[in-house]
Amino acid sequence: MNFPTILRTASFQLRHYVTIPVKSTRTQGRRRNLLIAGSTLLTGVILYETNEKCHDSLHHSFLTLKRVGVVGNATVRCFYHYKRALNRKYEDRESRLRALDVCHKKCALITLHALQSNGGIYIKLGQHIGAMTYLLPKEWTETMIPLQDQCPESTLEEIDGMFMTDLGQSVADLFDEFHSVPIGVASLAQVHVGRLKSVDGLVAVKCQHPTLKEFVPLDVALTKTVFKLLDLVFPEYPLTWLGDELQSSIYVELDFTKEAENAIATSKYFEKFKKQTALKVPNVISANKRILIMEYVEGKRLDDLKFLDDNGISRGEVSACLSHIFNNMIFTPNVGLHCDPHGGNLAIRTVKKSSSNNNHNFEIILFDHGLYRYPDTQLRRDYARFWLALLDQDQKRMKVYAKRFAHIGDEEFPLFAAAITGRSIDTALHYDISKKRSKEEMDVMAEGIMEGTFLSDLMAILSKIPSTVLLILKTNDLTRYLDECLQNPLGPERTFLIMSQYCARTAYDEDRENISLDYNKWSLTWFWKNLTSWIQFEKRKNQLVLYDFILWWRQIIRTI
C-alpha cells in the first residue's frame, strides 16, 4: 500500500468515526480513543515517510526490539529446557546423561539460531563458545562450528558508504582496483583486496561491518544481562566473567588504530628474532577506526599439511617457530601478547632460503592484531616459575606460583593444573606433560567433564582468575591446538623445551634483580648467588641444545 492510499484510508476512517452518533459515555470514550489512535498512526506514517531523522529513529527502535526479542526468546527457552531436564527424576545415571545430552543439543541449536539472527558480536561470542572445548559439552562446541565460516557479509554499497562517512572519499576515489568479493569475512570485519592510486602493489583493506556501530552497546549490555540471569538461575555455573571479558575487549578490537599500533610494534620487535620465528607481519599503510589498509600478503593455512609437504617445509621447524613466537610474547617483559592466534589469523608461505633473512624456506604470517594484552612483569615471572615447577613435577612450588598469578587455592589447584596444561589431573600432577597425550588419557578427560562436579568446579575457578591470565590460557590453548594439527613428527617434547628456555630466562632475570637488591655488588655472597643462578639457567638452556644434538646424531646414524 503506497503513501497516498494510506493517507486516503486514514482520512476516510477519521470521517467515518466523526459521523457516528454518540449514544453513551462508553461509545464516546471509544470514539475518542480511536480518533487518537488514528491521528497518531497518521502522524507516524507522515513523519516516517517525510522526516529522515524520524525514519531512522523508528527503524532503529524496531531493530532494537527485534534483537532484544531474539535474545530474550532464546534465553527463556534454554532456561526452561535446562530446568526441566535437571529437575526431572531418572531411573539411573545413564538415563540422566542421555537426557542432558539431548538438552545440550537442543539449547545449543536455539542459541546458534539466535546468534546467527542477530549477527555482529553475537557471532564472535559463538566463536568463543566453540573454542571452549575444555569447558563446555561437545554438543555446544560442535554446534557452534558453523559460525567459524558463516559470518554475514556487508555489501559493497555499505562499505562505500562507510568510506564516505569516515574518510570523506569513496572507494572509487581512493582505489584504481577494488575487488568486490572479500577474501575473508569475520564476525567484526571483512577483508578486500585492492590497488591504491597512491601506492604500488596490492593492499589488503580491512573494513569493519558498518552495522556494528549502531548496536554494539546494546549487544554488550544484553550479553552481560543473559550471563547475570544465568548466574541467578544456575549459580553453580558462573559465566559472568565471559560477559565482562567480551565488554572489556570488544571496544578495543573495534578501533583499528589500536590494531595498527600493535602490528607495527610487533613487527619492529621481532625483526631481531627472524631466525627463531620466521615471522612476517604485514606492513601498515594507513589506519582509521573502522578502515585499516595493510600490505597484501598471501599464504596458506598452517594446518594445510599437503602444502607443507609438497614444498619441503619441515613441520618440526614450523612448530618450533610457533613456540618461539608466542613464548617470546608471553614471557618477555613489555612485549604485547597476541591473544587470538586461531587458524584463521595465521598463514604460511614459501620463500627462498638463500635469499630470506630468517634461515628458513618459509614465513609465518600473523594477522589480526586487535586483541592484545600487556601482562605486568611480575605476572609473567610468576607464570614462568609455575611452568618450571610443573615441568619439574614440584607440586609445592606449583601451588605457590598458581596462588600468586592466578589466585588459585590448594583445593582448586589440581583442576587448575589440568586446565592450564590440557592434560588429565593425574598426568598434570604426576607425569611428564611433554609426552604426547594417549587415547586413554583423552578418554579419561572426556569422561571427567561429564561426571560429577568437574564442570561446575572448573567454571568457578575460571570466574575468579584475572582476565589477563584467562587470555594467556586462551593463547596457550590455541597454540597447543595448532601444534597438534601440524602432527609434528618430533612430538611435543621440543616445544616444551623451547618454552622452558623462555621461562628460565625470565626467572634468571628476576633472580639477578633480587640478588642486586639483597646483597652488596661484587661481594662474595653476591658473586656466589649470581654464579649458582647462572648455572641453573644454563642447565635449562642447554637441555634444548642436548635434545637437538641427539636428534642430529640419530639422523647421522640412520644415513650410514
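Residues take their numbers from the sequence shown, with the count starting at 1.
Annotation: the span from L322 atom CG to I364 atom CD1 amounts to 4.0 Å, rounded to 0.5 Å. Distance check: I293 CD1 to I285 CD1 gives 7.0 Å after rounding to the nearest 0.5 Å. Atom CD of residue E177 and atom CG of residue L202 lie 6.0 Å apart, to the nearest 0.5 angstrom. For the atom pair NE2 (H113) and CG (N118), the distance works out to 9.5 Å, reported to the nearest 0.5 Å. Between the CG atom of L112 and the OG atom of S117 there is a distance of 9.0 Å, given to the nearest 0.5 Å. Taken to the nearest 0.5 Å, the OH atom of Y122 stands 13.5 Å off from the OG atom of S187.
For V281 against A263, the heavy-atom pair with the smallest separation is CG1-O, 3.6 Å. The heavy-atom pair separating L486 from L302 by the smallest distance is CD2-O, 3.3 Å. Between F326 and P341, the shortest heavy-atom contact is CZ-CB, 3.4 Å. The heavy-atom pair separating S180 from H192 by the smallest distance is O-CE1, 3.2 Å. When all heavy atoms of A347 and F367 are compared, the pair lying nearest together is CB-CE1, 3.7 Å. Considering all non-hydrogen atoms of both residues, V185 and P152 come closest at CG1-O, 3.4 Å.
Between the side chain of R380 and the main chain of M329, a donor-acceptor pair closer than 3.5 Å is present. Side chain of D101 to main chain of R98: no donor-acceptor pair is present (N/O by atom type, distance under 3.5 Å, no hydrogens or angles). Counting only distance, with no hydrogens or angles, the side chain of S319 and the backbone of R315 share no donor-acceptor pair below 3.5 Å. In this structure a side-chain-to-backbone donor-acceptor pair under 3.5 Å is present from N327 to S323. Between the side chain of D176 and the main chain of R195, no donor-acceptor pair closer than 3.5 Å is present. The closest donor-acceptor contact from the side chain of N262 to the backbone of K258 lies under 3.5 Å. Judged by distance alone, with hydrogens and angles left aside, the side-chain atoms of Q190 form a donor-acceptor pair with the main-chain N or O of S154 at under 3.5 Å.
Enclosure of atom OH in Y80 is not indicated, since only 12 or fewer non-hydrogen atoms of other residues, nucleotides or ligands lie within 6.0 angstrom. Counting non-hydrogen atoms of other residues, nucleotides and ligands closer than 6.0 Å to CZ of R84 gives a total of 12 or fewer. Residue N334 places its CG atom among 12 or fewer non-hydrogen atoms of other residues, nucleotides or ligands, all under 6.0 Å distant. Surrounding NZ of K300 are at most 12 heavy atoms belonging to other residues, nucleotides or ligands under 6.0 Å away. In the displayed structure, R349 atom CZ is contacted under 6.0 Å by more than 12 heavy atoms of other residues, nucleotides or ligands.
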Q.
I'd like to know whether H81 forms a side-chain contact (heavy atoms from CB on, under 4.5 Å) with I110, so could you lay out the CA-CA distance, the side-chain angles of the two residues, the decisive distance to 0.1 Å, and finally the verdict.
A. CA-CA 11 Å; H81 288 303; I110 291 171; 3.8 Å; yes

Q: Test T111 against M144 for side-chain contact (heavy atoms from CB on, under 4.5 Å), laying out the working first.
A: CA-CA 9 Å; T111 303; M144 298 299 153; 4.1 Å; yes

Q | Criterion side-chain contact (heavy atoms from CB on, under 4.5 Å) on N283 and V297, from CA distance to verdict | A | CA-CA 9 Å; N283 296 324; V297 183; over 6 Å; no

Q. So L308 and F362, side-chain contact (heavy atoms from CB on, under 4.5 Å) or not? Walk me through it.
A. CA-CA 9 Å; L308 300 183; F362 62 87; over 6 Å; no

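Between H407 and V469 the shortest side-chain heavy-atom distance does not fall below 4.5 Å. Counting only heavy atoms from C-beta outward, the side chains of F270 and N328 approach each other to under 4.5 Å. Inter-residue side-chain proximity for K280 and E295 is flagged as met; some heavy-atom pair is nearer than 4.5 Å. Within the 4.5 Å cutoff, the side chain of Y372 has no heavy atoms near those of the E259 side chain. Side-chain atoms of I330 and M499, non-hydrogen and from C-beta on, never get closer than 4.5 Å to each other. Under the 4.5 Å side-chain criterion, counting only non-hydrogen atoms from C-beta, F163 is in contact with V205. Residues I291 and I159 form no side-chain contact, since every pair of their non-hydrogen atoms from C-beta on lies 4.5 Å or further apart. L471 places none of its side-chain heavy atoms less than 4.5 Å from the side chain of H338.
With D166 as the partner, the side-chain hydrogen bond (donor to acceptor under 3.5 Å, both in side chains) test is satisfied by one option alone out of K289, R290, Q208: R290. Partner F331 forms a ring-ring contact (aromatic ring centres under 6.0 Å, His included) with one of F386, Y383, Y502 and no other, that one being Y383.
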